Amino acid sequence: MSSLQFWKPGTSAPGSTLDRDTQAEGSLISSAPSYAPLSVQSQRERLPIYKHRDKILYCIEKYPVAIVVGQTGCGKTTQIPQYLYEAGWAAEGNIIACTQPRRVAATSVAGRVASEVGSILGDEVGYTIRFEDVSDKERTRILYMTDGMLFRETLVDPLLSRYSVIMVDEAHERGIYTDLLLGLLKKIQKKRPSLRLVISSATLDATSFLNYFTSSSSRDDAIIVSLEGRVFPVEVAYLREPTADYVKSAAMTAWNIHLQPYPGDILIFLTGREEIDRCLEELSELIPTRPKHPRRLIPLPLHAGLTSDEQLRVFDTADRDTRKVIIATNIAEASVTIDGIKYVIDSGFVKIRVYNPRTALASLATVPTSRASATQRAGRAGRTAPGVCYRLYPLSAYETMAESTPAEITRTDMTTPILQLKALGIDDLMKFDWVSSPPSESVLRALEGLVAAGMLGEDGRLTVIGAQVAECPVELGIARMMFKSKDFQCGEEILTIAAMTSVQDVFIIRDGAPGALDELERRKFTAEEGDHLTLLNGKQSSSVQSILCSLSPLAYNAFVRYGKSLSWCKSHALSFRAMSRAVSIRSQLKKYMQRFNLPIHSCEGDGKRLRQCLVSGYWRNGARWVADGTYRSVRGNQTLHVHPTSVMFTRKPRSGWVVFHEMEETKKTQIRILTEIEPDWLLEHGHVLVDKRSAQS
DNA sequence: GAGCACTGC
């Protein structure tokens with residue numbers, strides 16, 4: 001059956017039939033919406049948000065917390081800080097801050113606002129993200145920054161005293177740093193009542209933020225300021241019956257839209273690369289069936305695994321007689337905004353990372369989206385003109401969806417965040433006023449791990465090393481290696497490994513035949529001892545052997561030696577973006593080591609010392625090889641499978657033992673980035689946790 | 001013998 005029937009709620013008629021054979025009947029709900037052509041409104045005063053200007057300013061003046069509700073694109077991010085600036089909130093050296101969950105948002109918005117204000121970026125208007133501070137200590141009045149960056153600033157200035165107003169944008173996304181920041185800001189405001197908070201959120205979550213910021217005794221703590229809805233309406237249609245294969249249905253729906261005589265690009269939401277590839281195949285089977293169709297359909301994949309060049313293709317303006325259909329992951333829901341999308345096709349599913357504190361396992365689960373997320377996806381069709389969203393599920397399924405996606409803090413490892421809170425002097429975590437509490441199991445487990453690692457004493461108070469590690473922007477185990485590298489004289493190499501394990505998607509393996517070549521490139525750098533290090537017999541190199549970090553065939557040192565070049569990366573299946581980022585991270589971490597007076601020596605090719613140092617960070621991640629080629633975890637005796645990208649995938653460790661960087665549950669429990677070790681080291685360089693257990697047995 | 005949602009410091 002090739003027919004997909006959609007209907008629009010609120011109409012008694014069954015709506016339209018999206019059928020490749022019967023589309024000529026033309027009752028498609030997307031047919032010719034009538035709207036006036038847009039005139040370009042460049043004047044700020046003519047933005048829809050402008051008429052709310054006085055109301056916004058009044059509420060911020062009168063209420064400690066203003067929760068601003070407005071759809072993406074209404075101008076709140078660019079305009080509200082400017083209104084505040086004009087109203088004098090940045091007088092006397094004060095700064096108006098606006099936090100963003102993503103780096104791109106912080107940089108691009110700052111650029112736009114700087115030009116609206118008529119200033120050079122980095123002067124009156126600036127931004128701060130990791131590795132980039134484009135602001136002026138004296139002159140910057142409006143500062144855009146990532147929320148993680150402002151959270152970190154509280155370690156240095158606990159009252160955030162430079163700021164008169166802090167606007168937390170996209171708070172409804174509920175990223176972990178947004179949540180942590182909101183908790184801190186509520187606390188700061190008690191000590192510094194003059195600080196004003198603006199929380200920007202989507203409709204559904206506004207009341208939960210209002211409740212969070214409202215005390216039982218007062219109604220004047222917080223207020224919701226509602227800005228007008230979106231500029232362009234988006235019609236929503238649901239499938240009448242559930243579909244067994246939403247990938248195929250998505251392709252068919254896109255094709256049926258394409259057969260309509262109306263222009264506009266299409267955006268499809270699927271969950272991952274595999275589905276995107278399959279959807280591309282389904283579409284390519286449909287495309288030749290109408291070779292003489294006046295308009296050409298151009299399918300474009302969009303997911304984080306693509307190179308930036310490939311990602312940028314979705315922004316190419318299509319020719320007049322073509323139509324783009326962008327097949328994307330959740331990256332297009334908020335991170336990447338494409339104008340000109342008129343039709344959205346929503347599978348209704350998303351992949352999210354879930355953390356199980358009991359087993360310390362992270363897994364990727366495909367789950368139904370939330371209603372808030374479905375609304376956000378639909379909104380992507382109405383950015384520049386009215387649009388239509390086809391949901392590949394029935395209205396009844398929509399009604400069973402959760403209102404919003406659970407906050408990240410409820411499904412993530414809390415070890416690092418809790419160490420940071422401890423460093424801020426927040427000792428009683430059970431009393432901390434969370435926007436959403438992390439599961440108590442997750443807090444307890446984090447505390448236990450921090451005590452075992454020597455970051456907290458048995459009394460739960462921060463140790464000297466704990467205070468220093470809290471400042472380092474790396475995972476706990478990696479930080480521990482950095483500190484222990486003093487004993488093993490291998491700081492140089494540990495820095496590289498710390499940087500390389502902090503970046504993802506170092507390797508770019510293409511689809512099909514080229515992918516096999518990429519694999520070959522990757523294998524060229526294989527190291528005997530495993531993924532973390534490869535000893536390279538370099539003749540001309542000043543040290544006899546150079547360390548290569550081989551998540552892959554990409555070696556950090558080789559990258560540096562070949563002039564950090566893009567073409568070198570391309571020919572070795574490496575991501576230039578990821579490698580360049582590793583270079584930045586390494587230099588940042590180096591500064592931390594210098595500040596803590598940690599020597600940065602090279603182990604001069606002594607892989608044993610280096611691997612012992614690795615054990616001091618990965619002491620909880622030991623595993624033993626068993627005859628069927630799998631491993632058993634030291635903790636929990638779980639069956640572990642080696643990830644296919646590991647150089648240990650094909651070989652047995654001589655000692656029979658490894659440590660690994662991370663463990664993730666897919667269809668099986670897999671371990672990534674492993675290195676062979678001697679089992680004794682786990683006892684010697686591991687920690688109290690291991691010692692205690694062996695003492696008991 | 002086989003796999004990769006997305007951010008952030």
Side-chain angles (χ1 to χ4, degrees), chain A residues 99-106 128-132 145-156 170 173-181 269-277 302-306 328-336 347 349-354 362-367 369 373 405 408-409 411-412 416-417 419-420 423 469-475 478-479 498-499 502-511 515-516 518-519 522 551-552 575 581 584-585 588-589 592 628-630 641-646 648-651 662 664-668 670-672:
Chain A
T99 71
Q100 296 293 322
R102 281 169 295 277
R103 298 155 53 95
V104 269
T128 308
I129 59 176
R130 189 180 186 183
F131 305 125
E132 271 180 80
M145 61 208 301
T146 44
D147 47 21
M149 209 65 191
L150 189 59
F151 176 72
R152 195 153 274 274
E153 191 170 331
T154 59
L155 284 169
V156 186
E170 315 285 3
E173 289 186 20
R174 302 296 303 277
I176 183 150
Y177 286 110
T178 307
D179 268 31
L180 291 169
L181 188 61
F269 283 101
L270 297 174
T271 70
R273 176 175 166 174
E274 195 188 327
E275 286 179 6
I276 289 171
D277 291 344
L302 177 63
H303 54 81
L306 299 174
T329 60
N330 218 31
I331 196 171
E333 188 178 303
S335 308
V336 177
S347 66
F349 285 90
V350 66
K351 267 188 198 166
I352 59 168
R353 205 182 155 86
V354 185
S363 55
L364 272 179
T366 301
V367 296
T369 59
S373 178
T405 311
E408 191 185 0
I409 204 165
R411 49 187 172 83
T412 200
T416 304
L419 182 63
Q420 288 171 327
V469 166
E471 290 183 47
C472 298
V474 287
E475 289 160 47
I478 302 289
S502 297
V503 295
Q504 304 120 11
D505 301 316
V506 179
F507 268 109
I508 299 175
I509 307 293
R510 292 164 291 179
D511 283 331
D518 296 341
E519 280 292 341
R522 206 165 66 82
L551 297 187
S552 53
S575 161
R581 197 163 162 78
S584 303
I585 292 175
Q588 189 193 29
L589 296 179
Y592 281 100
D628 62 359
T630 64
H641 297 260
V642 180
H643 197 277
T645 54
S646 170
M648 300 301 284
F649 187 68
T650 46
R651 73 185 69 209
E662 62 184 358
E664 196 166 63
E665 200 171 15
T666 51
K667 285 166 200 159
K668 306 179 285 199
Q670 287 182 323
I671 48 179
R672 285 186 58 235

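In the text below, chain A, chain B and the rest are named by the order of the sequence lines, each starting its count at 1. If you're wondering where the values come from, they're calculated on a predicted model, not measured in any experiment. Note that these values count all heavy atoms, side chains included, but never hydrogens, waters or copies made by symmetry.
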Specify the separation, in whole Å, of atom CE of M648(A) and atom P of dG1(B). 17 Å
Write down the distance between CD (E274(A)) and P (dA2(B)), rounded to a whole number of angstrom. 14 Å
Taking the minimum atom-to-atom distance to the side chain of R353(A), which one of dC9(B), dA2(B), dA5(B) wins? dA5(B)
Over how many whole Å does the gap from L150(A) atom CG to dT7(B) atom C1' extend? 17 Å
According to a strict under-4.0 Å criterion, is K668(A) in side-chain N/O contact with OP1 or OP2 of dA2(B)? yes
Nucleotide dG8(B), atom P - distance to CD of E132(A) in whole Å: 12 Å
Could you give the CD-to-C1' distance, from E471(A) to dC9(B), as a whole number of Å? 12 Å
Rounded distance (nearest 0.5 Å) linking atom OG1 of T405(A) with atom CG of N330(A): 8.0 Å
Between dG1(B) and T650(A), is there an OP1 or OP2 to side-chain N/O distance shorter than 4.0 Å? no
Is there side-chain contact between R130(A) and R152(A), with heavy atoms separated by less than 4.5 Å? no
Under 4.0 Å, counting only non-hydrogen atoms across every strand here, what does I331(A) touch: a base, just sugar-phosphate, or nothing? sugar-phosphate
If I take atom CZ in residue F349(A) and atom P in nucleotide dC6(B), what distance separates them, rounded to the nearest angstrom? 18 Å
Looking at every strand, decide which applies to H641(A) at a 4.0 Å heavy-atom threshold: base, sugar-phosphate, or nothing. nothing
Please classify the nucleic acid contact of R102(A) as base, sugar-phosphate, or nothing, using heavy-atom distances under 4.0 Å. sugar-phosphate
Separation of dC4(B) atom P from L270(A) atom CG, nearest Å, is 17 Å
Side-chain atoms of H303(A) come closest, of dC6(B), dG1(B), dC9(B), to dC6(B)
Residue R273(A), side-chain heavy atoms: nucleotide from dA5(B), dA2(B), dC9(B) that is nearest: dA5(B)
When you measure from the side chain of S347(A) to the backbone N and O of F269(A), does any donor-acceptor pair fall under 3.5 Å? yes
Can you see if the side chain of R103(A) gets near the phosphate of dC9(B) - specifically, an N or O under 4.0 Å from OP1 or OP2? yes
Please tell me if Q670(A) has a side-chain N or O lying less than 4.0 Å from either OP1 or OP2 of dC4(B). yes
Would you mind classifying the nucleic acid contact of T666(A) as base, sugar-phosphate or nothing, using non-hydrogen atoms under 4.0 angstrom? sugar-phosphate
With a 4.0 Å limit, can you tell me whether T146(A) has a side-chain N or O closer than that to the phosphate oxygens OP1/OP2 of dT7(B)? no
If we only count heavy atoms from C-beta on, is the L180(A) to I409(A) side-chain gap below 4.5 Å? yes
Sequence-distant partners of Y592(A), ring pair (Phe, Tyr, Trp, His ring centres under 6.0 Å), two or more places apart: none
Nearest nucleotide by nearest heavy atom, which residue falls closer to the 5' end of DNA chain B, L302(A) or P473(A)? L302(A)
Between C1' of dT7(B) and CZ of R130(A), the distance in whole Å: 13 Å
Taken in chain and number order and not counting sequence neighbours, the residues that satisfy salt bridge (Lys or Arg N to Asp or Glu O under 4.0 Å) with E170(A) are none
Quick one: which of dG1(B), dC9(B), dC6(B) gets closest to the side chain of R152(A)? dC9(B)
